[in-house]
Amino acid sequence: MTTALKVSNLAKSYGGKRAVDGIGFEVRSGELYALLGPNGAGKTTTLRMIAGLLNADAGEIRVFDVDARNDPIAAKRLIAWLPDEPLLYDKLTAWEYLEFVAGLWGVDTAEARNRAERLLKLLGLWDNRNDRCETFSRGMKQKAVLAGALIHEPKLLMLDEPLTGLDAAASRLVKDMIRERVEQGAAVILTTHILEVAERMADRIGIIKDGKLLTEGRLDELQAHAGAQGQSLEDVFLSLIAQPTSVAQAAQ
Amino acid sequence: MSKAAKKAKTKSVSLGGKPGGIRWLMGHELRLFWRRGKMNPRTGIILLLLMLGLWSTFSFFVFMRLGPAIPPPPFNDGPAAGVALAVVDVLIAFMGSVMMSGAILAAVEAIYTRNDLDLLLSSPISAWRILVVRASAIALRAMPLYAGMLGPPLLWMTIFSSPLWLAGIVVIITLAFMATGFALLIVTALFRLLGPKQTRVLAQIFSAIAGAAIFLTFQYFNVTTRGEGAMTPQQTAELIQRLNIQPDVWWLFPARAFTGDIVATLMWVLATAVVFPFGVYIFSRRFVADAAAASTMGAKKRVADTRIAAVRGGLTGSVVRKEMRLLVRDPLLLSQIGLQLLYFLPLGFVLLRPDPDGQFQLTAAAFAPALTLLAGALSGSLIWVTVSAEDAPDLIASAPVRLQSVHRAKIFAAVVPVLLLMVLPVIALGARDPTVGMWAAFGVFANAMSAALVGVWRRTQASRKDFVRRRQSGSLMTSLGKAFIGLGLTATVGAGAYGYPWLALIPAIITIAMLGALYKPTPRFAEV
């Protein structure tokens, strides 16, 4: 399998505090990699650096062998980034939003329209295509942003908490779409606090804390690392980040 | 289909130009700008064209007569031309300062509320191109007012006086870009010198001062100089000779560019061509780092007093404490509210009119309406912050309390600080003239209360960050009603303080009628 993303010794500080401290990992094409960690662990900062939204202080980011720090434009052509907060243009319609995103990524206009129609129908937004995004519910906004992320058919898809605010049906739909992309050969990095989702969907999992990668691997490898064979990802995760696993422990 | 749903339906419009190109990106910026308001875009265009048409027609008849009488530019001969150019210089400085103040706020907003810049910057379009377009859009947004106001007269002057007046239009357009270039440099410098924490507040103050400085200076001279009517031609000639401003002095360069001195115009355009790209370059070089610093700002913020406050004072106490804490911990909002005071300074100038001996004299009666107007404005702002910009309306709605009680507490939170602020000036006024003091006390209380009540009756859900644009969130009728009530009470108090209590009845009745028209009963329990 091709290496879609290779991150080495990535570092970022904010005013003396190390937000990301020498992180390194690889994601391959056709693989779903879940990046997990407690709040403030550095997940979003890492993704923002890969997406070219933040300058790294040190380290290397290679997207399909393109040096993203030296040639961010070439790297960005291959990436889609879905932020945790669905940021849409309130005053644009869903159709205009998708057309605009397609234009940013240089998708041919006719092709963009075909893809927009397909995505909107798939996500159940076709009837709302001429509605301004300001009228959308949180779930509809999330779906519109996801459609925007997929419209240029990225090879590397980075999803920051993609299931937040979605109802069960929409959540299933989004998960199926992500899985489909992976099966088609795209690489997906996903951050989530819903560990069952990571457990069920991810091929490999990386756990970060305080800006450092604690461990990574398949679930059985993490279980072995934590000495917690047969336990759920939630138990493994909490034991690795050394958090209390019960109310009684927390009280102590 | 409901009215709201109909309004939400918009004919999707494709952008012109090559996707990702400058024209395409600019089209996107302008489309968003155009749809920002509540007005239907088509109605907006019709209204705008109508206003422009009326203004163009009116100015056509004025300049058809005046044009041939105005000496054709350039003005480069003698002190009379110097004085004329100085007036044009002040006009340019006024426009430039207002444009710059808007651009400073827009640049700061771009750093702190990145919104779509995350999407744009994660696309494979160069950050430079994106920021050039965004900066150009900031400049273009600053232009319509002045281009609309001065464009038609300059056009008719071009036809009826001299083609060199076209240079004025060129200067207005380039002025917007130059002001934006300087604004970007100022914001970047503030960020470097002060860091993210102080930049936002200081930029706010800086932009307000930049926007208001020339206006206030005008007002000061306008109000404090002796109002003895127009000068005779002889007096004017003497003044010109005394001032002895030569048209070729360096500081008249912008005015010379405006009035068709071709070399000066070219130099002006050249200067803009340097300042604007330089400003964008410096801003874009630092943008990502500055935005990152701004996004981490406050991440480690701790409240100094971590003691758990005792629950006291019941509902009113809790609401007032919460509102005061939120306000005090938001220096940006606090500064925005405080800056309203700046625009009341011209009222203060009224009190400083020179007497015939050239000594300033105080007019005590003028203080009463001034304080009344100020109290209403401050109370209106505070009630907007506490009621319309409530951060957790769901929480309030789910609480087992009557909504009227919550609103009563919020009115208390909005009005009491204003009254406390006004106590000293009102007492001082009362000591000087008890009648005026009583009128002032009545005006301050009545206007603060009525502004708060209207704020509650006509509340709209908004966010604190929209404070500057709060007037756009309500209906036009409500905004007009609020303004009439404030002015009506001010007129009432003014008439009373100047010794015409019967005259005060007229605006007082109008104000009460307006309050009645705006009244809207509060439901027993909140509905979100």
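Keep in mind the model is a prediction, meaning the values are calculated, not measured. Residue numbers start from 1 in every chain, and the chains themselves are labelled A, B, ... in the order their sequence lines are given, proteins ahead of strands.
Proximity to chain B (any heavy atom under 4.5 Å) is shown, for Val145(A), by neither the backbone nor the side chain. Contacts between Leu25(B) and chain A at a heavy-atom distance below 4.5 Å involve the side chain alone, from C-beta outward. Both the backbone and the side chain of Trp105(A) come within contact range of chain B, with heavy atoms under 4.5 Å apart. With a threshold of 4.5 angstrom between heavy atoms, Tyr97(A) approaches chain B through side-chain atoms but not through N, CA, C or O.
A 6.0 Å sphere centred on CZ of Arg23(B) holds no more than 12 heavy atoms belonging to other residues, nucleotides or ligands. Environment of NZ in Lys155(A): sparse, with no more than 12 heavy atoms of neighbouring residues, nucleotides or ligands closer than 6.0 Å. No more than 12 heavy atoms of other residues, nucleotides or ligands sit less than 6.0 Å from atom NZ of Lys18(B).
Side-chain contact between Tyr89(A) and His28(B): present, with at least one pair of heavy atoms (C-beta onward) separated by less than 4.5 Å.
Taking CG of Leu92(A) as the start and CG of Leu32(B) as the end, the distance is 5.0 Å to the nearest 0.5 Å.
Shortest non-hydrogen contact noted between Leu53(A) and Asp118(B) is CD2-O, 3.3 Å. Of all heavy-atom pairs between Trp24(B) and Phe100(A), the closest is CH2-O, 3.0 Å.
Listed by chain and number, the residues in a side-chain hydrogen bond (donor to acceptor under 3.5 Å, both in side chains) with Gln142(A) amount to none (sequence neighbours excluded).
Without hydrogens or angle criteria, Lys76(A) side chain to Ser126(B) main chain gives no donor-acceptor distance under 3.5 Å.
No other option in Val107(A), Thr109(A), Ile73(A), Leu104(A) has as many heavy-atom pairs under 4.5 Å with chain B as Leu104(A).
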